[in-house]
Amino acid sequence: MIDPRLLRDDPDLIRAAQAKRGLSASVVDEALAADEARRAAIADFERLRAEQKQLGKLIPRAQGDEKAALLEQTKTLAAQVKAAESAQGAAEDVWNAAIRAIPNPAADDAPAGGEDDYVVLETVGTPRDFASEGFEPRDHVELGKILGAIDLERGAKVSGSRFYFLTGVGAELEFALVNLAMEQAREAGFTQVIAPSLVKPRAMEGTGFLDQAADDVYRIEGEEMYLVGTSEVAMAAYHSDEILDGASLPRRYAAFSPCFRKEAGSHGKDTKGIIRVHWFDKVEMFVYTTLEDAEAEHERLLGWEKEFLDKLELAYRVIDTAAGDLGPSAKRKFDCEAWIPTQGKYRELTSTSNCTDFQARRLDIRGRFPSAGSGQAPEQRQPEVRPVATLNGTLTAIPRTIVAILETHQQPDGSVRVPKALQKWLGREVLEPVAAATGLGG
RNA sequence: GGAGGUGUCGCCUAGUCCGGUCUAUGGCGCCCGCCUGCUAAGCGGGUUGAGGGCAAACCCCUCUCGCGGGUUCAAAUCCCGCCACCUCCGCCA
C-alpha cells in the first residue's frame with residue numbers, strides 16, 4: 001500500500017508512476033474520489049456519534065418525563081448513528097480497495113517499460129567456452145541422470161510434470177548449498193529461520209501476491225490457507241501488527257522454506273528439467289529496516305547475492321528490472337542471472353527487491369523512532385511511530401542453482417567439478433557418474 | 001477431534017456476576033522535572049495505537065478492553081460466532 005498522504009498531496013506523481021509501469025492512471029482518480037467520500041462519511045458518523053454520547057450522559061441522571069423525552073430523542077439518533085456507521089464502513093471498503101490497487105511507484109533509477117526493457121548493470125565472469133575445450137556440454141537433465149542426482153521421470157510419475165526427486169549427490173548438493181548459504185548469512189549477521197510455507201490470506205495479501213500473481217498461488221481446498229511461493233511471504237508477515245524498536249533495525253533474517261508455484265502462465269516454457277518447477281526449496285534473505293536505509297540495504301542484499309554466486313564460481317550478470325516487470329510491492333528489483341551453457345543465455349538465479357513501506361503498510365509493521373522534532377527541545381520530543389521498509393533477496397533457489405553448477409562445472413566424462421567453497425559441505429571435489437543408470441524401466 | 005479455563009493501554013493487574021461520571025484502577029518498567037556530595041530512595045507529572053477536523057499545532061472529536069456480529073438510548077460488562085493460548089482426554093511424527 002502506498003502512503004495515502006502521497007496520493008492526496010501529489011496525485012500527479014502517482015499518475016506518472018502508473019505510466020512508467022505501463023498501467024492506467026484511472027485508479028488514481030478512483031482512489032482520490034474514494035478518499036473524499038470516506039472522509040465525508042467519517043465526519044458524518046463522528047458528528048452523530050458525539051451527539052449521541054452527549055445525550056447518553058444525561059439519561060442516568062434524568063427523571064420522569066424528562067427521561068422519557070431523552071430516550072425518545074436518542075432512539076431516533078441511534079438509528080441515524082447506525083446508518084452513518086455502516087455508510088462509513090462501506091466508504092472505507094471502497095477506499096481500501098482503491099488504494100490497494102495502486103502498486104509501489106518504481107524508483108527513479110529503475111528503467112521504464114516492460115519485461116524486455118531491463119538494463120544490464122554488470123557482467124561478472126566469462127561464460128565457459130566449451131567449443132575451445134573441444135567438447136559439447138551436456139544439459140543438466142542428462143548430467144542429473146548420469147550422476148544419479150535428479151530423477152525427473154519418477155517426479156512426474158509420483159507428482160506430475162514439473163516435479164522431480166533430488167537423489168544421491170543431488171540431495172547432498174541441496175544440503176551443501178543450504179549450509180553454504182546459511183554459513184554466509186550467519187557471518188553477515190542474519191538470524192537463521194525455518195519458515196512455514198502454509199500461510200493465512202493476510203500474509204499473502206500483505207505481500208502483494210494476491211494481486212497480479214494470484215493465478216500462480218496454490219490454495220488449500222476447504223481451508224483459508226495458501227502455499228507460499230517464497231518465504232518472503234511468511235517473513236514479511238512475521239512482524240505483522242508489531243511496532244519494532246527502531247534501534248533493533250535492521251533486522252536481517254535468512255529463511256529456509258519450500259516454495260510452491262502453479263506456473264499457470266508458463267505452459268510450454270522451460271518444460272525440460274528443473275529450471276521451472278512447481279516446488280523447490282530456497283534460502284531467502286529478508287530485512288526490516290528504515291525507509292532511509294532501504295536503498296543502501298538493497299545494494300547490500302545484491303552484494304550478498306553476488307558473493308554467493310562468486311563462491312559457486314559462476315558467470316553471471318546483474319540486471320535492473322524495468323518498472324513494468326516489478327511486482328506490485330517492489331520499488332526496484334535487481335536480478336542475478338547466471339550463464340546456462342546449454343541454453344546459451346543468462347537465466348535468473350536470484351532476485352532482490354526493495355519494497356520500501358509498501359508491504360509494511362499493508363501488514364501494519366512499524367518502528368518506534370526518536371522524533372526528528374525540528375525546532376523542539378530534545379526533552380519535548382515524543383518518540384514517533386512510522387512504517388518500516390522491507391526488502392528481500394534470494395540467497396539460493398536450489399534447483400536453478402544446481403542447474404548452473406552442473407552445467408558450468410561439468411567435465412567431458414560427465415563428472416562435475418565441485419566449486420571450492422562447496423567442497424567443505426559436500427565432502428568431495430568431484431561428482432562422479434554413477435555406475436548403473438537408475439531410470440524408470442531400467 | 002472432545003471437555004474445561006483464560007484473553008484489559010510494554011509487562012503484571014482492578015473492573016465483567018448486577019450495563020450508565022470506566023473519560024478503564026493500581027503496580028512495575030520507561031520518559032521529564034524536583035530534591036539529594038554521587039548512586040539508591042523519595043516527591044510531582046507523563047507514558048496504547050489508529051483516524052478525522054487543520055497549512056500545522058498546544059487544541060477538539062471519533063474509534064480501540066483478542067477479532068467479528070447482535071441486543072440496548074447506552075456494552076470491557078449481556079448474547080452469538082470465530083481466533084489464540086493454557087489444562088486434561090483422544091490421535092499422531
Side-chain angles (χ1 to χ4, degrees), chain A residues 1-10 31-96 98-100 194 196-203 205-206 220 222-226 234 237-248 258 357 360-388:
Chain A
M1 194 174 109
I2 63 166
D3 185 352
R5 200 169 304 272
L6 187 64
L7 175 76
R8 211 178 292 164
D9 294 346
D10 198 353
L32 284 171
D35 187 30
E36 213 160 304
R38 160 181 160 268
R39 284 149 75 189
I42 288 172
D44 265 358
F45 165 72
E46 290 187 352
R47 182 174 44 75
L48 288 166
R49 178 68 175 153
E51 193 180 340
Q52 183 189 34
K53 286 178 72 169
Q54 287 302 318
L55 285 178
K57 273 183 192 168
L58 304 176
I59 290 176
R61 279 174 288 181
Q63 296 290 329
D65 287 350
E66 191 191 355
K67 187 161 189 170
L70 276 174
L71 283 177
E72 194 55 40
Q73 202 179 344
T74 50
K75 211 162 204 165
T76 57
L77 194 55
Q80 292 175 358
V81 168
K82 206 167 191 174
E85 188 172 17
S86 77
Q88 184 195 332
E92 300 265 13
D93 289 347
V94 172
W95 155 251
N96 278 322
I99 187 96
R100 278 163 182 263
I194 312 288
S197 38
L198 217 42
V199 299
K200 299 199 276 191
R202 172 90 192 285
E205 279 162 14
I220 304 299
E223 303 212 27
E224 289 289 297
M225 297 287 274
Y226 296 93
Y238 186 63
H239 285 303
S240 55
D241 297 323
E242 292 183 29
I243 298 175
L244 305 172
D245 179 1
S248 73
D357 55 346
R361 284 183 188 278
R362 286 190 174 195
L363 291 166
D364 203 11
I365 308 160
R366 292 160 292 164
R368 181 174 276 115
F369 303 95
S371 165
S374 54
Q376 278 184 332
E379 63 269 18
Q380 289 179 316
R381 289 176 195 167
Q382 293 296 315
E384 58 183 33
V385 173
R386 296 194 309 265
V388 299

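Just so it is clear, the values below take in all heavy atoms, side chains as well, and ignore hydrogens, waters and symmetry mates. Chain letters run A, B, ... following the sequence lines, proteins first and then strands; every chain starts at 1.
- Applying the side chain to side chain donor-acceptor pair (under 3.5 Å) test to every pair with at least one member in residues 76-88 of chain A, sequence neighbours left out, gives these pairs: A:Gln88-A:Glu92.
- Atom CD in A:Glu72 sits roughly 10 Å away from atom C1' in B:C73 (whole-Å rounding).
- Put simply, the side chain of A:Arg361 never gets that close to the backbone of A:Pro4: no donor and acceptor are under 3.5 Å apart.
- Look at CZ on A:Arg366: it is 14 Å from C1' on B:G10, rounded to the nearest Å.
- Nucleotide B:U6 forms a pair with B:A84, judged by Watson-Crick or G-U wobble geometry with both contacts under 3.5 Å.
- Within the model, atoms CD1 of A:Ile99 and CZ of A:Arg8 stand 9.0 Å from one another, a figure rounded to the nearest 0.5 Å.
- The distance from atom CD1 of A:Ile243 to atom C1' of B:C30 is 15 Å, rounded to the nearest whole Å.
- In this structure the side chain of A:Tyr226 never reaches within 4.5 angstrom of the side chain of A:Leu198, judged on heavy atoms.
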Heavy-atom protein contacts under 4.0 Å, nucleotides 52-64 of chain B, coded B base, S sugar-phosphate only, - none: SS-------BBS-
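- Atom CD of A:Glu242 is surrounded by more than 12 heavy atoms from other residues, nucleotides or ligands within 6.0 Å.
- Nucleotides B:C79 and B:G7, compared at atom P, are 15 Å apart to the nearest Å.
- The separation of B:A75 from B:U23, taken at their C1' atoms, amounts to 16 Å, rounded to a whole angstrom.
- With rounding to whole Å, A:Asn96 atom CG is found 12 Å from B:G51 atom C1'.
- Remark: the separation of the P atoms in B:C28 and B:G45 is 14 Å, to the nearest Å.
- If you take CD of A:Glu85 and C1' of B:C73, they are 15 Å apart, rounded to a whole angstrom.
- The gap from the C1' atom of B:U16 to that of B:A76 amounts to 7 Å, rounded to the nearest Å.
- The same atom, P, is picked in B:C61 and in B:G2; the two are 48 Å apart, to the nearest Å.
- Straight-line distance between the P atoms of B:U6 and B:U77: roughly 15 Å, to the nearest whole Å.
- Distance, A:Glu224 CD to B:C83 C1': 13 Å, rounded to whole Å.
- Both distances falling under 3.5 Å, in either a Watson-Crick or a G-U wobble arrangement, place B:G1 opposite B:C89.
- Base pairing of B:C34 is made with B:G42, judged by Watson-Crick or G-U wobble geometry with both donor-acceptor distances under 3.5 Å.
- The residue A:Gln52 sits close only to the backbone: its heavy atoms come under 4.0 Å of sugar-phosphate atoms, none of a base.
- Toward the 5′ end of RNA chain B lies the nearest nucleotide of A:Arg368, the other residue of the pair A:Thr74 and A:Arg368 mapping further downstream.
- The distance between atom NZ of A:Lys57 and atom P of B:U21, rounded to the nearest whole Å, is 9 Å.
- The distance from atom CG of A:Asp3 to atom P of B:A50 is 13 Å, rounded to the nearest whole Å.
- Put simply, the side chain of A:Arg202 gets close to the backbone of A:Leu363: a donor and an acceptor are under 3.5 Å apart.
- Counting only heavy atoms from C-beta on, A:Lys82 has its side chain closest to B:U71 among B:C73, B:G49, B:U71.
- Using C1' as the reference atom, B:C63 and B:C58 are 23 Å apart when rounded to the nearest Å.
- At distances below 3.5 Å, not a single donor-acceptor pair connects side-chain atoms of A:Arg386 with backbone N or O atoms of A:Phe369.
- Nucleotides B:C22 and B:C38 place their P atoms 42 Å apart, quoted to the nearest Å.
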